[in-house]
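Structure record follows, encoded as structure tokens.
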Amino acid sequence: MSLPSVEEKFFIEIGTADFDTLEHLAEQGWKGIFVEPVKELFDNLKRYEGCFYENCAVLDKMDTMTIQFYDPNWSEGWVRGVGSLDLDINGFHANPQWEEHVTLREVSVVTLDYLIKKHNVKRIDYLKIDIEGWDYKILDNYSWDIKPKKLLIEHKHWKARGINFRQYINLLRIMGYETSSDTENITAVLNE
């Protein structure tokens, strides 16, 4: 597989699940990296030429950690995308009636900088991060050597962790991004 040229559009999607993905960009000829730690969901992703597929988690360190998620053979809709490396504070406690469907598994964990270096990424046109509440840890650890042109970051679970998403909006603005947010996501577009 050849590496993407500088002229080609490039995305990174961290926490793809197997629905509501950036596959539409790959269909338009974009190159990119799809990252999903739950193997069953990862295996369901359609493969596109010029895209890379990583069956791991992305966080703020290189490690192996336990992820919990709902059994993909049981779960439907948004529940399929619920998974967490945080075994203490997570959405699983909100749904005790589904406890019998919770699965635990060891997964490899890498950093965003590691993925970028591994795949020789020279530009990021779109970065989407949806990892059920620890998204900010990726931002905190990232070198920002390559500034993504657009970011979509889920923040709806941050409040339960005591994280104020507005501080990240301010940091992104200082770095030259125009930002907006709703109850679930931060969107940031780099002013060029």
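Residue numbers count from 1 along this sequence.
Nearest heavy-atom pair, Asn120 versus Lys122, reported as atom, atom and distance to 0.1 Å: OD1-NZ, 2.8 Å. Closest approach of Asn55 and Pro37 over heavy atoms only: ND2-O, 3.2 Å. Nearest heavy-atom pair, Ala57 versus Val107, reported as atom, atom and distance to 0.1 Å: CB-CG2, 4.3 Å.
In this structure, Arg47 satisfies the cation-pi test against Tyr53, with its NZ or CZ atom closer than 6.0 Å to the six-membered ring centre and inside 45 degrees of the ring normal. By the 6.0 Å and 45° rule, Lys31 does not stack over the aromatic ring of Phe10. In this structure, Lys137 forms a cation-pi arrangement with Trp134, its terminal cationic atom sitting closer than 6.0 Å to the ring centre and no more than 45° off the ring axis.
Side-chain contact annotation: Tyr136 with Asn141, donor-acceptor N/O pair under 3.5 Å absent.
By the 30° and 60° cut-offs, the orientation of the rings of Tyr70 relative to Trp74 is tilted. Note: Phe11 and Phe34 have perpendicular aromatic rings, judged against thresholds of 30 and 60 degrees for the angle between ring planes. Ring orientation note: the planes of Tyr177 and Trp144 are nearly perpendicular, at an angle over 60° on the 30°/60° scale.
Put simply, the side chain of Arg105 never gets that close to the backbone of Ile67: no donor and acceptor are under 3.5 Å apart. In this structure, the side chain of Asp135 engages the main chain of Gly133 through a donor-acceptor pair within 3.5 Å. A donor-acceptor pair under 3.5 Å is formed between the side chain of Asp182 and the backbone N or O of Glu184. Here the side chain of Glu54 pairs no donor or acceptor atom with the backbone of Val35 at under 3.5 angstrom. The main-chain N or O of Met65 is never found under 3.5 Å from a side-chain atom of Asp63 such that the two would form a donor-acceptor pair.
Side-chain contact between Ile169 and Phe165: present, with at least one pair of heavy atoms (C-beta onward) separated by less than 4.5 Å. Within the 4.5 Å cutoff, the side chain of Leu22 has no heavy atoms near those of the Thr16 side chain. Side-chain contact check for Gln97 versus Asn95: some heavy-atom pair is nearer than 4.5 Å. Within the 4.5 Å cutoff, the side chain of Leu115 has no heavy atoms near those of the Phe52 side chain. Two residues are said to be in side-chain contact when any heavy atoms from C-beta on lie closer than 4.5 Å; Asp130 and Ile14 fail this criterion. The side-chain heavy atoms of Ile153 and Trp158, taken from C-beta on, include a pair separated by under 4.5 Å. Looking at Leu172 and Ile174, their side chains never come closer than 4.5 Å, going by heavy atoms from C-beta outward.
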* side chain to side chain contact (heavy atoms under 4.5 Å, CB included) assessment of Ile124 paired with Ile116 -> CA-CA 9 Å; Ile124 304 169; Ile116 288 169; 3.7 Å; yes

* Walk me through it: do Trp78 and Phe19 pass the test ring pair (Phe, Tyr, Trp, His ring centres under 6.0 Å)? => CA-CA 9 Å; Trp78 64 268; Phe19 62 92; 9.5 Å; no

* Asked: Taking it one step at a time, do Lys150 and Asp125 satisfy salt bridge (Lys or Arg N to Asp or Glu O under 4.0 Å)?
  -> CA-CA 6 Å; Lys150 181 178 180 182; Asp125 295 285; over 6 Å; no

* To do: Tell me, with the steps shown, if Glu178 and Arg173 meet salt bridge (Lys or Arg N to Asp or Glu O under 4.0 Å).
  => CA-CA 6 Å; Glu178 200 170 299; Arg173 286 181 179 157; over 6 Å; no

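With rounding to the nearest 0.5 Å, the separation of CG in Asn73 from NE2 in His101 is 11.5 Å. Note: Cys51 SG to Glu13 CD = 10.5 Å, rounded to the nearest 0.5 Å. The CD atom of Glu154 lies 9.5 Å from the NZ atom of Lys128; values are rounded to the nearest 0.5 Å. Rounding to the nearest 0.5 angstrom, the gap separating the CG atom in Leu112 from the CD1 atom in Ile138 is 7.0 Å.
Among residues two or more places apart in sequence or in another chain, the salt bridge (charged side-chain N to carboxylate O under 4.0 Å, His left out) test is passed with Glu36 by none. Applying the side chain to side chain contact (heavy atoms under 4.5 Å, CB included) test to Glu106 and every residue at least two apart in sequence or in another chain returns Thr64, Thr66. Partners of Asp71 by salt bridge (charged side-chain N to carboxylate O under 4.0 Å, His left out), not counting sequence neighbours: none found.
Residue pairs satisfying the side chain to side chain donor-acceptor pair (under 3.5 Å) criterion with at least one member in residues 107-116, sequence neighbours excluded, are listed as follows: Asp113-Ser143. Sorted by first then second residue, the side chain to side chain donor-acceptor pair (under 3.5 Å) pairs that include residues 19-29, not counting sequence neighbours, are Thr21-Glu23, Glu27-Tyr48.
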Taking distance alone, no hydrogens or angles, what donor-acceptor pairs closer than 3.5 Å link side-chain atoms of residues 185-192 to residues at least two apart or in another chain?
{"unit_1": "Asn191", "atom_1": "ND2", "unit_2": "Gly176", "atom_2": "O", "d": "3.4"}
{"unit_1": "Glu192", "atom_1": "OE1", "unit_2": "Lys149", "atom_2": "NZ", "d": "3.2"}

